[in-house]
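Comments concern the structure below.
Just so it is clear: chains get the letters A, B, ... in the order the sequence lines come, proteins before strands, and each one is counted from 1.
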Protein chains: 2
Amino acid sequence: MRRNPERRLALIDAAIEVLAREGARGLTFRAVDAEAAVPPGTASNYFANRDDLFTQVGGRIYERLLPDEATFARSREGVQDEARYTELMHELLARIAAFDTGYLALLELRLESTRRPELRAVLTKRIREDIDANVGYHAESGLPGDPTSVVLLYLALNWLILERLTLPDLFTEEEVRELVDAAVQRMMNPRGTGRG
Amino acid sequence: MRRNPERRLALIDAAIEVLAREGARGLTFRAVDAEAAVPPGTASNYFANRDDLFTQVGGRIYERLLPDEATFARSREGVQDEARYTELMHELLARIAAFDTGYLALLELRLESTRRPELRAVLTKRIREDIDANVGYHAESGLPGDPTSVVLLYLALNWLILERLTLPDLFTEEEVRELVDAAVQRMMNPRGTGRG
DNA sequence: GATGTAGTACTCTATGTGTAGTGGTTTGAA
DNA sequence: TTCAAACCACTACACATAGAGTACTACATC
């Protein structure tokens, strides 16, 4: 097992591209070698087996998907109102569109996790943290809406992104924009927050 | 190319199981043969190539996923109010949980459709029809909420189902139930339906 | 020159495709 | 009732491909 960390990271990032392009079953050592433009056999030397490769990719993918510190800090600035929140959600969609292979790879990982308990544990932990963080930031921001609002928004936007990536002709760009606006507005402003 | 329709259907349904279990890249003629318990080579004789197989599965999957006529008729009965609507959504989730391989197969097909234009066209058409039908039924029912409500609910519930199938430990059963309740309530009752 | 990694080369194995060929069954007409 | 054509299930095989794993050489660094 070789230990060069740059090379390992390059292999993992190559694996993300392979995942998005070829699907989970297409994520082989040889495909990673080819994608990373390293000699055949290299990935074999860096990961104990395919399960290990999947798990390491699962640990990495979220780092690439989340905004970097600068972007994140910028999103905390300015007036914290609904219009600003809506704007941030549009930015979120744009950011993901710019790294669509990452999002597709995450979807492949999710499906693969039905077969790999270790991978499932990694993903569950990461996504749980992400949701909790979003709920926390929202609470701090003083915006209207409760934790349920944030989770519902998370659900709706995720599927909207999935639609756009897998079936781009289903909704027009205009419809997507309107759906994002409506999602923020309606999730954040429940008529009555208690049970009806 | 052989034409026995029962056998073809059995092969397609076997393909759905294979898709859910092995993923899109694992959907090979041989795997279908094995799943359908027919001799190797049979699927080769029923489908021109893998692309054809994917397309035919894409045409079939929605028939298996949608409720049958009886269930559908029953859902139209009774009081058409928000409580009833919420109940229907819980039933929807239960129905999908009982045929989770079908839903997983559809997800695999969606991801595969990024590589197969024909399949993408089939899925886009089917899903477009499904959304339009839901919007239509909702309009007829006289329930509060507009087409956007229905689409937002569709988005949120789909991702919730995906979470439950791929990462079952992310939300507890109780949380899922509350999210369904909240989703129906908040989507259907926007504070102000107009902009701003 | 000791250590660790890059890169090469090779074997072994598994898997899948496509198709030719065989035998059985059904159908319909004489 | 018989026979032949058509169709289909099933078997078998030839061919191709791809991937895993590993041993080995070459190189760089300290």
Side-chain angles (χ1 to χ4, degrees), chain A residues 1-58 60 105 108-109 111-112 114-119, chain B residues 1-58 60 105 108-109 111-116 118-119:
Chain A
M1 188 85 72
R2 299 182 186 166
R3 315 215 152 273
N4 181 336
E6 288 83 19
R7 208 172 174 82
R8 157 167 276 113
L9 204 61
L11 289 170
I12 292 177
D13 284 344
I16 290 173
E17 298 299 314
V18 173
L19 261 179
R21 199 178 56 239
E22 314 279 349
R25 196 107 183 279
L27 184 65
T28 63
F29 288 160
R30 287 298 193 267
V32 172
D33 292 336
E35 177 71 26
V38 296
T42 304
S44 283
N45 287 328
Y46 273 86
F47 306 95
N49 45 50
R50 282 184 78 225
D51 213 79
D52 183 30
L53 175 58
F54 272 105
T55 307
Q56 293 203 34
V57 173
R60 165 77 173 155
E108 294 281 357
L109 285 177
L111 289 176
E112 186 65 17
T114 62
R115 290 153 229 150
R116 299 181 189 271
E118 253 190 86
L119 175 60
Chain B
M1 189 83 72
R2 310 210 170 142
R3 315 214 152 276
N4 182 337
E6 288 84 19
R7 207 170 173 84
R8 158 167 275 112
L9 204 60
L11 289 170
I12 292 177
D13 284 344
I16 291 174
E17 299 299 314
V18 173
L19 262 179
R21 200 178 57 239
E22 314 279 349
R25 195 108 182 276
L27 184 64
T28 64
F29 287 159
R30 287 299 192 263
V32 171
D33 292 336
E35 178 68 27
V38 296
T42 302
S44 283
N45 288 327
Y46 273 86
F47 305 96
N49 45 50
R50 283 183 77 224
D51 212 80
D52 183 30
L53 174 58
F54 272 104
T55 307
Q56 293 203 34
V57 172
R60 165 78 173 153
E108 293 282 357
L109 284 177
L111 289 176
E112 186 66 18
S113 80
T114 61
R115 289 152 228 148
R116 298 181 189 272
E118 252 190 85
L119 175 60

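- The side chain of A:N4 approaches C:dA6 more closely than any other nucleotide in the set D:dA9, C:dT8, C:dA6.
- The shortest heavy-atom contact between A:E6 and A:N4 is OE1-OD1, 2.9 Å.
- Counting to the nearest Å, the P atom of D:dA18 and the CZ atom of B:R25 are 9 Å from each other.
- Between B:E22 and B:T28, every side-chain heavy-atom pair lies at or beyond the 4.5 Å cut-off.
- Of all non-hydrogen atoms in B:A43 and B:F29, the two that sit nearest each other are CB-O, 3.7 Å.
- Dashed line: the shortest gap from a side-chain N or O of A:R7 to OP1 or OP2 of C:dA6 is under 4.0 Å.
- For B:E17, the salt bridge (charged side-chain N to carboxylate O under 4.0 Å, His left out) test picks out no residue, with sequence neighbours left out.
- Straight-line distance from the CG atom of A:L53 to the P atom of D:dG21: 12 Å, rounded to whole Å.
- Spacing between atom CG of B:D33 and atom P of D:dA12 amounts to 15 Å, rounded to whole angstrom units.
- Residues A:R21 and A:E35 are in side-chain contact: their nearest non-hydrogen atoms beyond the backbone lie under 4.5 Å apart.
- The shortest distance between the side-chain N/O atoms of B:Y46 and the OP1/OP2 oxygens of D:dC8 is not below 4.0 Å.
- Minimum heavy-atom separation, B:L19 to A:R115: O-NH2, 4.5 Å.
- We find that CG of A:L11 is positioned 14 Å from P of C:dT5, with the value rounded to whole Å.
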Would you tabulate the nitrogen or oxygen pairs shorter than 3.5 Å linking the protein to nucleotides 17-20 of chain C?
residue	atom	partner	partner atom	Å
C:dT17	OP2	B:F29	N	3.4
C:dT17	OP2	B:R30	N	3.4
C:dT17	O4	B:R30	NH2	3.2
C:dG18	O6	B:R30	NH2	2.8

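- Atom C1' of nucleotide D:dT17 and atom CD of A:E22 are separated by 15 Å, given to the nearest angstrom.
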